[in-house]
Amino acid sequence: MSNKYSPAEIEPKWQQIWEEQQLYRATEDPERPKWYALTMLPYPSGDLHTGHWYAYTPSDAGARYRRMNGYNVLFPIGFDAFGLPAENAAIKRGAHPVTWTYANIEQMRTQLRRMGAMWAWEHEAVSCDPEYYKWSQWFFRKFYDAGIAYREYAPVDFCPTCNTTLAREQVWGDDRHCERCGTPVIKKNLEQWKFRITSYADELIDMLNNIDWPERVKVMQTNWIGRSYGAEVTFRTEQGDALEIFTTRPDTLWGATFMVLAPEHPLVGSVTSDAQRAAVEAYQEQASRMDEIQRGAADKEKTGVFTGGYAINPVNDEQIPIWIADYVMMGYGTGAIMAVPAHDERDFAFATKYGLEIRRVITGPDGATGPLEAAYDSKDTGEMINSGPFDGTPVKGAVGKVTEWLEANELGRGAVNYRLRDWLISRQRMWGAPIPIVYCETCGVVPVPYEDLPVLLPDDAEFKPTGESPLKYHEGFRYVKCPTCGGDAERETDTMDTFMCSSWYQYAYISPYWKSGEPLKADDMPWEKEKGDYWLPVDQYTGGIEHATMHLLYTRFFTKALRDLGVVDFDEPMQRLFNQGMILGPDGEKMSKSRGNVINPDEVVDRYGADTVRGYLMFIGPWDQGGPWDPQAIEGVHRFLHRVWAVVTEDVQLEKPLLDAGSAVDAAQERALERKLHQTILKVTDDIENFRFNTAIAAMMEFNNTLYKARETGVVNTVIWNQAVRDLMLMMAPIFPHIADELWHRQGNTSSVHRQRWPIGDPEKAREEEIIVVVQINGKVRDKLAVAPGTPGEELERQALALSNIVKWMDGKQARKIIVVPDKLVNIVMG
RNA sequence: GCCGACGUGGCGGAACUGGCAGACGCGAUAGACUUAGGAUCUAUUACCGCAAGGUGUGGAGGUUCGAGUCCUCUCGUCGGCACCA
């Protein structure tokens, strides 16, 4: 047995032993509390990068910690295996995406094993496996039956590079670019499949209170859903048509001096006068073309056209002109607004530009009633004027009063609007789960019967460089018989958004490929129910913040939909969430091949071993903060492991030092070591519990330094010394699993360190015998006292005033005031 | 524009409910051991100062016996949203 720390030898050895012993196999055990630890599954790009290590190894440490605390832990892994890169690779090489994908998965499994993580491989699931996606299709079918999935012709976002439509969540930034490839999206009018996530808008916001998620994510989801309370009010056109508007400020109804319709609003045609028709149609035409490019940035100057028509304001029967303008969107509210230029910034700008009346109906903070320089939109300060029955009402609370009044007079009603749009799941790509729908000439839209699932992807798809989905021109796939009437029919050739597959993978892991080869039924369970009852929901989820309003929103929606279908009996898929930060290149920039700042984890593992890489990544700083990779700083963690190795392997062989066993000096040293040990256990426990790995490691380093310095003293090989070394191994086990198990065995243990219980820190034993109390004069430290903990204040004050330094600084003067905080300080306030 | 997070040594970062700012690590300096050292060990390392001492947590105020921590304003960096009525 080599006596040198050689990770290259011990790490593969232990990984093999753990696997042989099936140490991390997760099976239900009603005797023990369960802990489902989940980390966002990787896309099988074929290369596991430092970012994966940064996301996964701390998650693993957390899972291992739970395990040592008596939990039955499930820590699975799988692959989000559908998606564009496989298809692009296929186009480039003329091979089928399945070939490329599975080769990559094989490669990544090897790389994942090198982390030394406690992956429950027998729970692995791969989303592009037909036995997986048949369930994705089953869910679609269930959603279709429940009215959650529907098809709609509407303007949608389209990425010209990825050649597919996108969900609203997948369009990012001011330039509205594709989340995947960065290309600005364009608008297209298409018939697409959507999920009714908007029906869950309220729950998605309100139930954020029930889960332990980072505030950041909660805020982002809340803003994304964008709930606003207000009222719907019915105006009338001259022709007598009802013209519904939504407003958050019904209290300003008396200040409406014109109305604005979205150019696409259905009433535009009927309200437009003959004189204005040409101008209105030209504007509509221009707006629809604008749509193709983009409907403009927020700070774009407002444009619009008068329709020549008028509407009646129901609160005061006034006739007000109707305009159309592209700052009003058909997709939000009713696509029509009442414009109150005095109290809305946008309406103010529009009214100013086109010379429309600005009528003040709320006084300023100082009671001002004169003309306005800018829109005054406070909801708190001012009172209503020029508002008929409401004159003199304070604006604070006016919204509610006016809404009640509208309801009583049947002019309007309280209403809620959301920014959230339904989830567009159609993708014009081949490498995804086919949408199980058939279009029949006679029966129309026909869902594929449950027993016919899965709709398989053809394995002879032909990829053409046009980027168009091969499913479109694959005759065998496309032309089918209608499942209902047997007549000629065509398959839907769009596939599902891959976020659909990842919305339920936490359930797939429970019993992967369950009911393999069996025909499905509507009342099936997609996983083994008893297993699901045991493991679900996820206790701890970890992953990147970039999914805040995509995956993390979708999977919450999905779970609520499943609950309503009776598949699950809980509301939220993940109880706790932690978002790790991003690991950056040594230059502080995002790692990228083009920048040349990529750190290859395989190379670093070759050089230092997986334990060092794991520990270094966790030592960099707070896990949610991320930070740059420092090629020098990793040496520090590596040195630490060498020093631990030295403490455990060398010093147990040292000859007993000269000091007499049991001497007073030895006894004091033993007590000091025990104290430090318990302090360390308490600190490390608290830190790992809260994912503060950096300070946990620092505490272990400090403790090892203590042991290192004590190597040649009388404490070596005492009972407490052996306890200290043993507990250090236990504390290191979650973060440094290989060296911990190796040294654990070298101490004579035969069972794995990963089967042991986490050490328990005793606050009594951790208590200091003597503490330093600072003595300040006017808040500046002038001397210190060493006293027993709990020394009473009067005693501290007496001792402090007797210190020669303090006497000198007080210079014979009287203290004005003396503040004593026991165990902390004495502050003498002079003059 | 709105919302949110963050600004601490040369660097990554510590600091519980306000109570010794800089734990731990990197780097640096000096020394030891070495044929050698980019290995290891020992010591020092916030800044100014020979010292006594003084100054320091982006900046300016404030509360307090006492502020990195609380409050107000301000500057900077990053992230999200952006004509949402």
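To find a chain, count down the sequence lines: A is the first, B the second, and so on, and within it residues start at 1.
For B:rU77 and B:rG19, the P atoms lie 31 Å apart once the distance is rounded to whole Å. Using atom P as the reference point in both B:rC11 and B:rA28, the two lie 15 Å apart (nearest Å). Nucleotides B:rG68 and B:rA82 have their C1' atoms positioned 34 Å apart, rounded to a whole Å. Nucleotides B:rG37 and B:rG31 are separated by 13 Å at their P atoms, to the nearest Å. The gap from the C1' atom of B:rG18 to that of B:rG66 amounts to 8 Å, rounded to the nearest Å. Only the P atoms considered, B:rU64 is 42 Å distant from B:rG80, to the nearest whole Å. Across B:rU57 and B:rA15, the matching C1' atoms stand 11 Å from one another, rounded to whole Å. Across B:rA43 and B:rG25, the matching P atoms stand 12 Å from one another, rounded to whole Å.
When the P atom of B:rC83 is taken as reference, atom OH of A:Y332 falls 12 Å away, rounded to whole Å. When the C1' atom of B:rA14 is taken as reference, atom CE of A:M700 falls 16 Å away, rounded to whole Å. As rounded to whole Å, 13 Å separates atom C1' of B:rC20 from atom CD1 of A:I806. The distance between atom CG of A:N694 and atom P of B:rA23, rounded to the nearest whole Å, is 14 Å. In this structure, CG of A:L641 is placed 13 Å from C1' of B:rG25, rounded to the nearest angstrom. Atom pair A:Y229:OH and B:rA85:C1' shows a separation of 17 Å (rounding to whole Å applied). Between the CD atom of A:E215 and the C1' atom of B:rC6 there is a distance of 16 Å, rounded to whole Å.
Residue A:I620 places its side chain closer to B:rG12 than to any other of B:rA14, B:rG12, B:rU40. In this structure, the nucleotide among B:rC3, B:rA14, B:rG4 sitting nearest to the side chain of A:P622 is B:rA14. With distances taken from any side-chain atom of A:N705 to the nucleotides B:rC24, B:rC83, B:rA14, the minimum falls on B:rC24. With B:rG27, B:rC20, B:rC83 as the choices, the nucleotide that has an atom nearest any side-chain atom of A:Q632 turns out to be B:rG27. Nearest nucleotide to the A:T248 side chain, out of B:rG13, B:rC24, B:rA85: B:rA85. Considering only side-chain atoms of A:I819, the nucleotide from B:rG53, B:rA23, B:rG19 that sits closest is B:rG19. Among the nucleotides B:rA85, B:rC65, B:rC24, the one closest to any side-chain atom of A:N827 is B:rC65. Listed candidates were B:rA23, B:rG19, B:rG13. Nearest to the side chain of A:T695 is B:rA23. Proximity note for A:F619 (side chain, C-beta onward) versus B:rA14, B:rG80, B:rG12: the nearest is B:rG12. Across B:rA14, B:rG54, B:rA85, the shortest atom-to-atom separation from the side chain of A:R782 is found for B:rG54.
A cation-pi contact links A:R556 to A:W213, judged by a cut-off of 6.0 Å to the six-membered ring centre and 45° from its axis.
In this model, no side-chain donor or acceptor of A:K824 finds a partner on the base of B:rC20 within 3.5 Å. For B:rC65, the base has no donor-acceptor partner in the side chain of A:K817 [N/O atoms by modelled type, under 3.5 angstrom].
Checking B:rU44 for Watson-Crick or G-U wobble geometry (two distances, each under 3.5 Å) identifies B:rA28 as its partner. With a cut-off of 3.5 Å on both Watson-Crick or G-U wobble distances, the partner of B:rG22 is given as none. B:rU17 is unpaired under the criterion used here, namely a Watson-Crick or G-U wobble arrangement in which both key atom distances are under 3.5 Å. Pairing of B:rC50, defined by two Watson-Crick or G-U wobble distances under 3.5 Å, is not identified with any nucleotide.
A distance-only check finds a donor-acceptor pair linking the side chain of A:D422 to the backbone of A:I197 [under 3.5 Å]. Side chain of A:H177 to backbone of A:V185: no donor-acceptor contact under 3.5 angstrom is found.
Backbone-only engagement by A:Q625 is indicated by non-hydrogen atom pairs under 4.0 Å involving sugar-phosphate atoms exclusively.
Each of A:Y5, A:F640, A:Y708 was checked for a ring-ring contact (aromatic ring centres under 6.0 Å, His included) with A:W645, and the lone residue meeting it is A:Y5.
Atom NZ of A:K353 has more than 12 heavy atoms from other residues, nucleotides or ligands within 6.0 Å. Crowding of A:E357 atom CD: a count of heavy atoms from other residues, nucleotides or ligands under 6.0 Å exceeding 12.
Toward the 5' end of RNA chain B, the nearer of the two residues A:G173 and A:F246, judged by each one's closest nucleotide, is A:G173. Taking the nucleotide of RNA chain B with the nearest heavy atom to each of A:Q776 and A:R607, the more 5' of the two is matched to A:Q776.
With salt bridges taken as basic N to acidic carboxylate O contacts below 4.0 Å, one links A:K676 and A:E702.
Donor-acceptor pairing under 3.5 Å is recorded for the side chains of A:Y418 and A:D202.
Base orientation at B:rG9 is syn, since its O4'-C1' glycosidic dihedral falls within 90° of 0.
An OP1 or OP2 oxygen of B:rU40 is reached within less than 4.0 angstrom by a side-chain nitrogen or oxygen of A:R639.
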